[in-house]
Amino acid sequence: MHSPELLLRQKIHDCYSEIFEKELIDKIVKVGHFDTIKDGELLIDIGSDMTHIPLILDGVVKIIRKEKNGEEIVLYFLERGSTCAISFVNCINNKKSIFKGVVESTIEAVFLPVEYIDEWLANYKSWRHFIIDSYHFRLLEMVESIDGLAFMKMDERTLKFLTDKVKISNNTDLNITHQEIADDLNTSRVVITRILKQLHDENKIYSTRNKIRVLEYFE
DNA sequence: ACATTAAGTGATT
DNA sequence: AATCACTTAATGT
């Protein structure tokens, strides 16, 4: 017999034992609520209060910035073993979220109430490091994303988008439509269709309706 | 069989 | 690279 708490402890241990000391993991198990959020659901919206911070145990969250005119731009993805670093500052200052987080593939996460994260910052070295590292990593991702926008052509961006997806999902077969890619890259479906056709002809991908297999990519 | 949604294409800006 | 307008193909009911 496994109690839910034991299972949760195991999962947290699998993802975070390298990062957090035992004592902190115990506390996380004690105060965190475990939850599963399905594909396509909204994790956090712009303007909502941050009451909890998620530690992702499995799945992917897409972080989006919304422009005033309603345009959206994808900033980065949260994966297993990571968290939304930006949300820490929001939590500590009681500010509202400036980003939107949509679940890309069903996530399992532990939600930590705000009141603990500040206290742990003072008391646990591993927690401090985790937060700083996490912030640093997000910054690097943002820079990468800006580089992409500024310097890469649409075909390069498309291929990068696809290979990133492959890395994240650990699967060379992607279930995605041309329209969805276009939305994420802020372009039109027609453009994506033409680029994909080209990539297909170059034997870099194999694509059929609703499905793309990435044939060539390097880690 | 029909309707709906995804994908392909030429022409134009 | 974007948009339009239209065609063709795949899929759901």
Side-chain angles (χ1 to χ4, degrees), chain A residues 35-48 54 56-80 82 84-86 97-109 137-219:
Chain A
D35 208 353
T36 300
I37 300 175
K38 294 202 189 88
D39 241 83
E41 286 184 42
L42 197 60
L43 180 66
I44 180 87
D45 202 0
I46 292 168
S48 36
I56 315 280
L57 301 176
D58 198 11
V60 181
V61 181
K62 179 160 74 180
I63 302 297
I64 295 161
R65 165 91 191 139
K66 237 194 269 179
E67 301 300 324
K68 282 184 182 168
N69 57 19
E71 296 280 297
E72 296 189 338
I73 174 168
V74 177
L75 297 175
Y76 53 79
F77 294 89
L78 298 180
E79 304 153 63
R80 174 191 158 93
S82 72
C84 185
I86 308 298
S97 174
I98 53 168
F99 298 144
K100 180 178 156 187
V102 180
V103 176
E104 172 102 344
S105 83
T106 305
I107 61 160
E108 290 180 347
F137 194 67
R138 291 309 140 208
L139 179 63
L140 291 181
E141 286 210 318
M142 293 270 223
V143 169
E144 204 183 307
S145 156
I146 291 170
D147 281 349
L149 288 171
F151 305 125
M152 287 166 75
K153 303 209 165 148
M154 211 50 238
D155 56 343
E156 296 175 293
R157 289 217 288 145
T158 307
L159 191 56
K160 182 181 185 327
F161 176 85
L162 293 174
T163 54
D164 282 353
K165 284 261 180 198
V166 168
K167 274 182 221 161
I168 283 173
S169 63
N170 265 315
N171 192 166
T172 54
D173 288 331
L174 306 170
N175 287 315
I176 194 165
T177 65
H178 297 184
Q179 187 63 63
E180 286 166 339
I181 298 171
D183 289 344
D184 276 7
L185 296 180
N186 281 89
T187 179
S188 67
R189 194 226 89 215
V190 188
V191 170
I192 294 299
T193 296
R194 289 188 168 129
I195 287 168
L196 290 180
K197 190 177 183 294
Q198 195 186 313
L199 292 173
H200 186 105
D201 292 343
E202 291 168 3
N203 287 317
K204 289 178 178 162
I205 62 167
Y206 175 77
S207 74
T208 53
R209 187 189 170 101
N210 284 319
K211 220 186 82 182
I212 295 170
R213 173 174 291 160
V214 178
L215 300 173
E216 250 183 40
Y217 85 99
F218 308 98
E219 304 258 342

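Each chain gets a letter, A, B and so on, in the order the sequences are listed, and its residues count up from 1.
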- Please identify each residue that fulfils side-chain contact (heavy atoms from CB on, under 4.5 Å) with A:Val60, with sequence neighbours left out. A:Phe77, A:Glu104, A:Ser105, A:Ile168
- Residues forming a ring-ring contact (aromatic ring centres under 6.0 Å, His included) with A:Tyr206, sequence neighbours excluded: A:His200
- Query: Please, which pairs that meet ring-ring contact (aromatic ring centres under 6.0 Å, His included) have at least one residue in residues 162-184 of chain A, sequence neighbours excluded?
  - Reply: none
- Query: Side chains of A:Ile192 and A:Phe161: closer than 4.5 Å at any heavy-atom pair?
  - Reply: no
Which atom pairs, one a donor and one an acceptor, fall under 3.5 Å between side chains of residues 139-156 of chain A and the rest of the protein, sequence neighbours left out?
unit_1   : atom_1 : unit_2   : atom_2 : d
A:Glu141 : OE1    : A:Arg138 : NH1    : 2.7
A:Glu144 : OE2    : A:Lys160 : NZ     : 2.7
A:Glu156 : OE1    : A:Lys153 : N      : 2.9

- Task: Could you tell me which residues satisfy side chain to side chain donor-acceptor pair (under 3.5 Å) with A:Asn186, sequence neighbours excluded, listed by chain and number?
- Result: none
- On DNA chain B, which is the earliest and which the latest nucleotide, 5' to 3', with an atom closer than 4.0 Å to a heavy atom of chain A? B:dT5 to B:dA11
- Could you give the NZ-to-C1' distance, from A:Lys197 to C:dA1, as a whole number of Å? 18 Å
- Task: Apply side chain to side chain donor-acceptor pair (under 3.5 Å) to A:Glu41 and list each qualifying residue two or more places apart in sequence or on a separate chain.
- Result: none
- Query: Given A:Glu72, which of A:Lys100, A:Lys62, A:Arg65 fulfils the salt bridge (charged side-chain N to carboxylate O under 4.0 Å, His left out) condition?
  - Reply: A:Lys100
- Task: Ignoring hydrogens and angles, tell me if any N or O in the side chain of A:Ser48 forms a donor-acceptor pair with the backbone of A:Ile44 under 3.5 Å.
- Result: no
- Message: If you take any heavy atom closer than 4.0 Å to DNA chain B, which residues from residues 173-182 of chain A end up in contact?
- Response: A:Thr177, A:His178
- Excluding sequence neighbours, so at least two apart, what forms salt bridge (Lys or Arg N to Asp or Glu O under 4.0 Å) with A:Glu202? A:Lys204
- Flag side-chain contact, heavy atom, 4.5 Å: A:Ile181 against A:Leu162: yes
- Are A:Leu43 and A:Ile107 side-chain neighbours, meaning at least one heavy-atom pair lies under 4.5 Å? yes
- Kindly write out the residues that satisfy side chain to side chain donor-acceptor pair (under 3.5 Å) with A:Arg80, not counting sequence neighbours, or none if the list is empty. none
- Query: Contact class for A:Thr187 (heavy atom, under 4.0 Å): base, sugar-phosphate, or nothing?
  - Reply: sugar-phosphate
- Task: Using heavy atoms and a sub-4.0 Å distance, could you list which residues of residues 188-195 of chain A are near DNA chain B? By number, please.
- Result: A:Arg189, A:Val190, A:Thr193, A:Arg194
- Note on the structure: Its contact letters, B for base, S for sugar-phosphate only and - for none at protein heavy atoms under 4.0 Å, make nucleotides 7-13 of chain C read --BBS--
